[in-house]
Structures are given as C-alpha cells and as structure tokens.
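What follows is a single structure, written as structure tokens, with notes after it.
The model shown is predicted, which means the values in this text are computed figures rather than measured ones. Side-chain atoms are counted along with the backbone in the values below, which use heavy atoms only and exclude waters and symmetry mates.
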Amino acid sequence: MLLLPAPEGVTQEGWRVLVMTVGATILFITEPIPLPAVALLIILGQVFLLGLDSSLVAKSLMKDSVLFIMGSLMLAVALVKQKLDKRLALLIIKVTGSGTYAIAFGISVFSGLLASFIGEHTVAAMMLPVALSLIQLSTDDPKQQRALAVLFLFSISYACAMAGIGTPSGGARNAIMIDYLRDFFYASDDPATYGYSVSYLHWMIYAYPIFLIQLPLMHVILRYTFKTDLHDLGPAVAKLKEQVGQEGALTGRHYVAILLFLLTLAGWVGFSSRFGMGTIAILGAVLFLITGLVRWQDLNSGVNWGVVLLYAAAISLGVQMRDTGAAAWVAGMFMDALAPFGLDSGLGLLAAVMLLTTFITNTMSNGAAVAVLGPIVLAIAVGTESNPLAVGMVTAISSAFAYFTVIGTPASTIVYASGYLRPSDFMKVGWRIAIMSFIVLLTASKLYWPLIGL
C-alpha cells in the first residue's frame, strides 16, 4: 500500500497515515505480536514514515485520557487488594434473597453499578470468584452447574459491558472520545473555543439512563435464553455466609479504602472539568499509596502498563488522521456509500455509525475501536452538518455492543476463562442483546437527547 500512489483527494502524508491505520488494525485483530509492540510501531511510524519530530510525537502521546486510564488501572488494583469480593456477594444476597433469578439480577445490578465507575475488567475479576463459589456450592451435577454458570457469568459480563458506557471512568473508550470531541474542534489556545467539552457529570446525564434501561432488559433476555432447574440457592448461601464469617468483621483498612474510592468518585463528578479526570484518578491512586493500603510493588505487577501505552499510541495516531486530512477523506468515502440508502443524515446516520462501530468493536478492543473510528465519524458529522457530540456519543456507546465473541470485551474473556462457557453461547444470546441495545440507543438519541439539549 505504501508503494501505491496516493488516491485522488488525499495527501501523501494522509495516505501514509491510512496505511499505518490499516496495518495497526490488522495487528490489533490478529495479534501476531504483543499489542504494546503495535503501539511502539505506531510511534516509530510517525517519526520514520511521516517525518515528524520525535518530541512532537511524544507530546501527542500524553493526554488527560491517558493519565485517566493509568490512574483507573492503579485504582482497580488497589481495590482488588482489599478482598471485598465475598462480602459484596453476601450483600447482594441480603438484598435479593436466595432465589436463583433474583441473585442473577442482583449480580447484574451490582456488577453494572461498580463497572460504570471502576472499569469492567476489574469488576469481572472481582465478581467471577463470587459467582463460581455460588455455582460450586449449589450442586454437584455438572449439567446443573453449567446451566447456572451460563446465567450467572453472562449476568456479570454483559452487565459490565453495558455499564461501561455510563461514566467516563467506565472505560477507556469514553475518555478517548472525550479527548477527540475536545481536540477535534480545537480553534485556538483559548480553552473557551473548545466546542465540545464534556464533563464527567454531563457524560453521566447523556449515557447513564441508557445503561439503566438496558440492564433489566438484558436480564429478561438471559432468563428466557438460558433456563435452569435450580430455583433456590439456600444451601449455597448458607455456606457462603460461613466462609465470610471466618474472615472476621470489616477492619479500619476496609473503611478507609471505601472512603478513598468515594472521594475519588466525588472528585470526578465535581472537579474533573477544572483539574481533569486523569489528575483526579492519579490523585486517588496516590492516596491509596500514602495510606499504605497498597504497595507500589502491587501496582507495578498488577497494572498492565502495555494497555496505557497502547491507548496513548492509538490516540496519537488519531490526531494524525485528523491533521493530515485522512479522516475527512475516509469520511467522504463512507458518506458517498451511505447516500443512496438515505443513511447520510439524521437518525439514519446514527444507525449507520452504530452498525459500523459494533462490527469493529467485535474484532478488536472497544478502546482501540473508538481510537480508530473517532476521527472518521467526527469528520462525517462535520461533513453532513450533524451534531458531532451525538455522533461521538453513539460511537462510544455502541463500542460496548461487543456481545458476539469471547474477545469482544475484557469481561467476556474473563468469564470465558472459567471453563463453563462455549463460544456458541455468546452468539446464541449476543444477537438478541445487540438488537435490544440498538433499539434503546436509537430511541434515546431520538427522544431523550433532544430533551436535554444534546
């Protein structure tokens, strides 16, 4: 592709960026080399293929969203270190009772509420041993165990995926889109010229109701797709209570950890527009270190630093997609293809963007999907005089619709590792939940968002 002449309408630099994007996308999907190595290739490509100064490339890597991702991963490790998972399971059961479907719905609600603030991979890792404990304590029959496992494990993974759209801290894709919305329309050094500055609270207002509507509908779909003969888990609940009792009461360390997390959350909601979400996340992680609730060795071994590098490089590549005009050129091609079907404006455009994002996010991580598609869809919004904020929100939200594959979301990969699920299970229920999510998001974009001025 590099040896071919640049197509009409795109500069040579823009063509090289597109070649880099295609190459990165193929590497994201097939993973012949470690993903952090792809990030390093993106950095090298900007220097050697685009001729950019290495200092400028380095500057483009460090955005507030990258600090936010780094801080969120550190907070996740610090919370898991406190071993609050079984106590959370007991709290769920106290609220729901011992009924199987009630517990499954409770698992969905608690997983969703947590995942909307601290990231789906962390919550899935916390909730998986809880669900497995209940499954293994409930029966010795392998068939009944699998039937119960499918219900419980999908309650975790799909709730985590859906909840990630609710707040900026729910997933890296949200922070990436917030950066794109701000930087894509940058006009001068005056921050007041940023046309689309989305605060933590504004994002919640736009997206959280969509998650709250999806959650019970998802549980209904799971209940009628995967049925179980076990309708009461009383004996399993009794054994779980015994295990928690052996660990003793909550200590002062537990209360301090909960307080620090709540303070971090309050900082995101109340002060992120002033100091940045990344700064607040880093502050929360530092407080866990200062209070001795987590050691640096724990963070160093528990945080996947390659993920931080990967998102930084993907965002940097997105900046070059914008600056070279490559994003605008791809957007024009996409719009020309949509025009004959009436999908180049209004609700049709949002539906087309949703389908495109859903396809991409089922082949690579949702953060990478948003990093690649962000500049393109925002250029489409500008070209069609559509609302860039609505298009950006649809892209970020529909990147959570990775319901079809094991690798679609980190939560799906984590629950699949339990050994109870089959790849066909994801397809069996995934298309049903995807249709439901499409309808909810399109309805929200048509009826709810105009009411709140989006």
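Contact annotation: the side chain of Leu283 never approaches that of Thr279 to less than 4.5 Å [non-hydrogen atoms, C-beta and beyond]. With a 4.5 Å cut-off on side-chain heavy atoms, Phe154 and Thr225 do not count as touching. With a 4.5 Å cut-off on side-chain heavy atoms, Trp329 and Thr324 do not count as touching. Side chains of Val394 and Val377 form no contact here, defined as non-hydrogen atoms less than 4.5 Å apart. Side-chain atoms of Met436 and Val220, non-hydrogen and from C-beta on, never get closer than 4.5 Å to each other. Ile397 has its side chain out of reach of Phe211: every pair of non-hydrogen atoms, C-beta onward, lies at least 4.5 Å apart. Side-chain contact between Tyr403 and Met162: present, with at least one pair of heavy atoms (C-beta onward) separated by less than 4.5 Å. Residues Ile156 and Ile107 are in side-chain contact: their nearest non-hydrogen atoms beyond the backbone lie under 4.5 Å apart.
Nearest heavy-atom pair, Pro388 versus Ala381, reported as atom, atom and distance to 0.1 Å: CA-CB, 3.7 Å. Closest of all the heavy-atom pairs between Val353 and Ser398 is O-OG, 4.5 Å. Minimum interatomic distance between Ala159 and Ser155 (heavy atoms only, all atoms of both residues): CB-O, 3.0 Å. When every heavy atom of Ser157 is checked against every heavy atom of Val415, the shortest pair comes out as CB-CG2, 3.8 Å. Annotation for Phe288 and Ala257: closest pair CZ-O, 3.6 Å, computed over non-hydrogen atoms. Closest of all the heavy-atom pairs between Leu75 and Ala281 is CD1-O, 4.0 Å.
Looking at Trp431, its side chain does come within 3.5 Å of a backbone N or O of Lys428 through a donor-acceptor pair. Looking at Ser316, its side chain never comes within 3.5 Å of a backbone N or O of Ala312 through a donor-acceptor pair. Side chain of Thr361 to backbone of Thr358: no donor-acceptor contact under 3.5 angstrom is found. Not one N or O on the side chain of Tyr158 forms a donor-acceptor pair closer than 3.5 Å with the backbone of Leu215. A distance-only check finds a donor-acceptor pair linking the side chain of Asn174 to the backbone of Thr167 [under 3.5 Å]. Between the side chain of Trp203 and the backbone N or O of Ile165, at least one donor-acceptor pair lies under 3.5 Å.
When the options Leu349, Leu373, Thr395 are evaluated for a side-chain contact (heavy atoms from CB on, under 4.5 Å) with Ile380, the one that passes is Leu349. Between Ile439 and the choices Leu441, Ile435, Leu442, the side-chain contact (heavy atoms from CB on, under 4.5 Å) rule is met once, by Ile435.
Note on residues 207-221: pairs passing side-chain hydrogen bond (donor to acceptor under 3.5 Å, both in side chains), not counting sequence neighbours, are Ser116-Tyr208, Gln214-Ser437.
The aromatic rings of Tyr200 and Phe117 lie parallel to each other, their planes meeting at an angle below 30°, with 60° marking the opposite boundary.
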Intermediate values then yes/no, side-chain contact (heavy atoms from CB on, under 4.5 Å), Ile135 and Tyr420: CA-CA 10 Å; Ile135 293 164; Tyr420 284 105; 4.0 Å; yes
May I have the step-by-step check of side-chain contact (heavy atoms from CB on, under 4.5 Å) for Phe426 and Leu421, ending in yes or no? CA-CA 8 Å; Phe426 289 85; Leu421 302 179; 4.0 Å; yes
Step-by-step side-chain contact (heavy atoms from CB on, under 4.5 Å) determination, Val95 to Val109: CA-CA 11 Å; Val95 174; Val109 172; over 6 Å; no
Ring pair (Phe, Tyr, Trp, His ring centres under 6.0 Å) between Tyr448 and Tyr206, intermediate numbers included: CA-CA 9 Å; Tyr448 171 61; Tyr206 298 149; 8.3 Å; no
CA sep, side-chain torsions, deciding dist, call: Val429, Asp425, side-chain contact (heavy atoms from CB on, under 4.5 Å): CA-CA 6 Å; Val429 71; Asp425 294 329; over 6 Å; no
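To the nearest 0.5 angstrom, Leu148 atom CG is 8.5 Å from Leu153 atom CG. Note that the CG atom of Leu27 and the CE atom of Met20 stand 11.5 Å from one another [nearest 0.5 Å]. Atom CG of Leu309 and atom CD1 of Ile43 lie 5.0 Å apart (nearest 0.5 Å). Taken to the nearest 0.5 Å, the CG atom of Leu317 stands 11.0 Å off from the CG atom of Leu61. Once rounded to the nearest 0.5 Å, the distance linking NZ of Lys81 with CG of Leu293 reads 11.0 Å. The CG atom of Leu389 lies 10.0 Å from the NE2 atom of His202; values are rounded to the nearest 0.5 Å.
Between Asp179 and Arg182 there is a salt bridge, since a side-chain N of the basic residue sits under 4.0 Å from a carboxylate O of the acidic one.
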